[in-house]
Structures are given as structure tokens and as C-alpha cells.
Amino acid sequence: MVTDEEKGSIGVHYIKGISELASLIASDTDHTTAVYKRFDKLATRDLLYYECELLELEALQNQYDREDALDARRPDNADDLQQRIRTNARDWASFKHQAAKETKANDKNDERWKKRMDLAMEIRSTLKEYREALVLNSTLLTLRAPSKQTLTTLSNCFHQQLASAATPASQPTTLPTLSGASSTLYPLPDISASQQPTDLISLSPQMHTDPLTCFLKIYCSWLFRPRRVSTSTLPSFSPSLSSSPSGSVSHLTISPITHLSPPQLGTYSLPLLSFTASLITTLLASILLFLPIYVLYSTPGSRPGMKLGFIALFTMLFAGTIPLVTTARRAEVFAASAAYAAVLVVFVSGDLGDG
């Protein structure tokens, strides 16, 4: 805590640990830092346990079915038992009534239908949990992995670089935000790509970002840093020199809770970045439309081969630019390139193309 004696308020800093890490993850407005482990090994083991448990229950169910089939045909059994077996095998209400009757009687020597009912209910609950686990795992497997930039940022913030007294300053050691087994929550910043965990997922909605926006976000994000970084506030009581006669606190002050961002963490304005990418895309589209028109207009009509060469050149430039500044698929690139080439051909075949 930091005390401001002049204003009579107390500023609160988060202690290094889970609260600081949670503050870092929640501070991202587009939620790209919402990266969590999927625990593939544990989830797979849990599903295998469910399968083994269900197989055991299925084996016991088959055993009960064989016993009922034998008892229903055994001549030395009473007709009442044979009739009850056939009835309970076909009528759920009768089966449920007989199991409830044995449960109420609490006779350990006569629990035939109670055991079968308990088994049916155990299969129902276990099978439901197993299917829910399958659906949840299937949903998690569809979530994308975090981007390299996001994972590097989280790793740098999670593993703070500290210069150790026992080693030279050029060889810093890392201090994870969490201790114990939780110290491996995020990989080390300098770990190779082949050793990175594969069960990290991002909960943020997948955005189909074009390569231009990705380039600006990774290499030019410093151009889009906001001028002012807002800090969250929380009301806190401040000991006042003048208190009410009843002894209660006389006023309430608002003291900021600051989140000390590590030097590796930078923020940028996503709307400004998107606007810049859109502006660049518009300029490129205008240039690729008017530049070939000017070049073809300036080319003498006596040199048709040169005009066809310019058409092919600008069409290839246009086709190569579309995937860089848009998220168009291959079929859409082919369609746009064909339309672009058709416009240039129509221009050359018209009177305006006779330079």
C-alpha cells in the first residue's frame, strides 16, 4: 500500500501472484490474453477412466441379463419368479415397483431387482457424465491456439527476468509469478517452438485477420499506442482527521488501483490500427486501378504486345496484393483477378486505350 498523507487516501498495488496475473489477463479489452491450459493429458485420462468404468458396468449388466435368461427357463424355479422376470423385462413400471419394494424391505437376501435398478441408475449418471465430458473436450479441441505474439507477451510477463547476484548481469534468471507446480503455467520466453506446450487455448473469438493487419500489429504496434492509459478505480475508506460524532468515517475517497505493467507489455489502439489498415488497403486499390490505366493510356497503340505485357504485369500485382490486404479465399482471388483483367482489356479495346 502507498499512503498519500496530503489527500488522506491509500493507493493499493496488487501483490505479485494470482491477483496480478488475473489483472493482466483481464486488462486486455479484446481478450486475446485469455489463454488457458486445456490439460490434454488429464482430460484424456479422465475419458479413459470413464470408458473403463462404463465397460465394467456393461459387463455387470450383461451378467445380470444372462442370469435372468437362465432363471426364466430353469424348470426348478417357481412359476412366480419366472413370471416376475418376464414381466420386469418388459414393463418398466413393474421393474421400478419391485425395486422400490425391495429397497423398502431392506432384506439383504432379496435384492435382485434393487441391484438391477441401482446398476441402471449408475449407468445412466456415468454415461451422462461421460457424454458431457466428450462434448466439452470436443468443444475445447475446436478452440484455436494463442498467437505467437500473445504467448510471448504472457511468457515475458509471467517469467520476470531478474539479475542474480551469484551470476553475471548478462545471465539473468527468471522469477515466475506463481510458485510451485504453477510456475510452469506459461512456457519460458526463450523456449524453442518445438518445446512449446500444445494444450494452450485462447478463449477470444477467432478473428480472420489479414496479413497487413498482422504485420502492423506485430512490427508497428508502437505507432498505435494510446496517449493515456486508464487505471481502474475502487472506492476505499480513508482515515480522515475530522470524523463524525458517532465515530464513523466521515467521507469516502476514491483511490486508484494501479497495475504496474512490466516493460515487455505494450498496449495499442485496435480501432486506430484497423483504420490504418483500411486506409492502406484503399490506397493500394486506387493505385492498382488508376496506375495501369495511365500506363496503358500512355503506351502507343502501335505496340499491342507491350500493352498485353502491362495487363499481365498489373494483373499479377493485383492478384498478389489481394491475399496480403484481405482475408479473401483462393476462389475469391481468382474471381477478382479475372474481373480486374477484364476491366483492363475493355479499356485497351476501347477508344481511350488508343494512346
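Contact of the Asn88 side chain with the Asp68 side chain is not registered, since no non-hydrogen atoms from C-beta on lie closer than 4.5 Å. Using a 4.5 Å heavy-atom threshold, the side chains of Gln82 and Arg86 count as touching. Contact annotation: the side chain of Tyr36 never approaches that of Leu200 to less than 4.5 Å [non-hydrogen atoms, C-beta and beyond]. Using a 4.5 Å heavy-atom cutoff, the side chains of Leu273 and Lys217 are in contact. Side-chain contact between Glu53 and Glu122: present, with at least one pair of heavy atoms (C-beta onward) separated by less than 4.5 Å. Residues Tyr186 and Thr152 fail the side-chain proximity criterion, which asks for heavy atoms closer than 4.5 Å. The shortest side-chain heavy-atom distance between Arg84 and Trp113 falls under the 4.5 Å cut-off.
Side-chain contact of Thr32 with Asp28: a donor-acceptor pair under 3.5 Å is present, judged by distance alone. Looking only at atom types and distance, the side chain of Thr326 has no donor-acceptor partner in the side chain of Asp210 under 3.5 Å away.
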For side-chain contact (heavy atoms from CB on, under 4.5 Å), just list the numbers for Leu344 and Phe310, CA-CA rounded to whole Å, side-chain angles, deciding distance to a tenth of an Å, and then say yes or no. CA-CA 10 Å; Leu344 297 183; Phe310 280 133; over 6 Å; no

Does Phe95 form a side-chain contact (heavy atoms from CB on, under 4.5 Å) with Asp91? I'd like the steps, not just the answer. CA-CA 6 Å; Phe95 171 46; Asp91 187 358; over 6 Å; no

Begin from the C-alpha positions of Val343 and Tyr340 and carry the test side-chain contact (heavy atoms from CB on, under 4.5 Å) through to its verdict. CA-CA 5 Å; Val343 171; Tyr340 180 80; 5.8 Å; no

Step by step, work out the side chain to side chain donor-acceptor pair (under 3.5 Å) result for Ser147 and Thr150. CA-CA 5 Å; Ser147 63; Thr150 301; 2.9 Å; yes

Could you go step by step and tell me if Thr153 and Thr33 meet the side-chain contact (heavy atoms from CB on, under 4.5 Å) rule? CA-CA 9 Å; Thr153 302; Thr33 55; 5.8 Å; no

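No donor-acceptor distance shorter than 3.5 angstrom exists from the side chain of Arg144 to the backbone of Ile201, with no hydrogens or angles considered. Side-chain atoms of Ser182 never come within 3.5 Å of backbone atoms of Leu178 as a donor-acceptor pair (strictly under, hydrogens ignored). In this structure, the side chain of Glu332 engages the main chain of Arg329 through a donor-acceptor pair within 3.5 Å. Ser155 places a side-chain N or O within donor-acceptor distance of the main-chain N or O of Pro187, the cut-off being under 3.5 Å. Panel note: side chain Ser349, backbone Val346; a donor-acceptor pair is recorded below 3.5 Å.
A continuous path of Ile, Leu, Val, Met, Phe, Trp and Tyr side chains, each step under 4.5 Å between heavy atoms, connects Ile311 with Tyr297, placing both in one hydrophobic cluster. Phe334 and Ile322 fall into different hydrophobic clusters, where Ile, Leu, Val, Met, Phe, Trp and Tyr are joined by side-chain heavy atoms under 4.5 Å apart, directly or via other members.
Salt-bridge check for Glu111 with Arg116: failed, with every basic side-chain N at 4.0 Å or more from each acidic carboxylate O. Ion pairing between Asp71 and Arg112 holds under the 4.0 Å rule for side-chain N and carboxylate O.
For the atom pair Leu154 CG and Gln149 CD, the distance stands at 10.5 Å (nearest 0.5 Å). One distance of note links CG of Leu212 with CG of Leu216; it measures 4.5 Å at 0.5 Å rounding. For the atom pair OG of Ser337 and CZ of Phe314, the computed distance is 14.5 Å after rounding to the nearest 0.5 Å. The OG1 atom of Thr126 lies 12.0 Å from the CD atom of Glu56; values are rounded to the nearest 0.5 Å.
For residues 129-142, the set of pairs meeting the salt bridge (charged side-chain N to carboxylate O under 4.0 Å, His left out) definition, not counting sequence neighbours, is empty. For residues 33-46, the pairs satisfying salt bridge (charged side-chain N to carboxylate O under 4.0 Å, His left out) are Lys37-Asp199, Arg38-Asp40, with sequence neighbours left out.
Under the 4.5 angstrom side-chain criterion for Ile, Leu, Val, Met, Phe, Trp and Tyr, the cluster partners of Leu134 are Leu47, Tyr50, Leu54, Leu57, Leu60, Tyr64, Leu119, Ile123, Leu127, Tyr130.
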Donor-acceptor pairs under 3.5 Å, side chain of residues 275-288 to any protein atom, not counting sequence neighbours: which ones?
{"residue": "Thr276", "atom": "OG1", "partner": "Leu272", "partner atom": "O", "Å": "2.9"}
{"residue": "Ser278", "atom": "OG", "partner": "Ser274", "partner atom": "O", "Å": "3.0"}
{"residue": "Thr281", "atom": "OG1", "partner": "Ala277", "partner atom": "O", "Å": "2.8"}
{"residue": "Thr282", "atom": "OG1", "partner": "Ser278", "partner atom": "O", "Å": "2.9"}
{"residue": "Ser286", "atom": "OG", "partner": "Thr282", "partner atom": "O", "Å": "3.0"}

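Relative orientation of the Tyr219 and Phe215 rings is tilted, given thresholds of 30° and 60° on the angle between their planes.
Taking both residues in full, the closest heavy atoms of Ala99 and Met117 are given as CB-CB, 3.5 Å, listed atom of the first, atom of the second, then distance.
Residues passing the side-chain hydrogen bond (donor to acceptor under 3.5 Å, both in side chains) test with Ser202 are Ser204, sequence neighbours excluded. For Asp118, the side-chain hydrogen bond (donor to acceptor under 3.5 Å, both in side chains) partners two or more places apart in sequence, or in a different chain, are Lys114.
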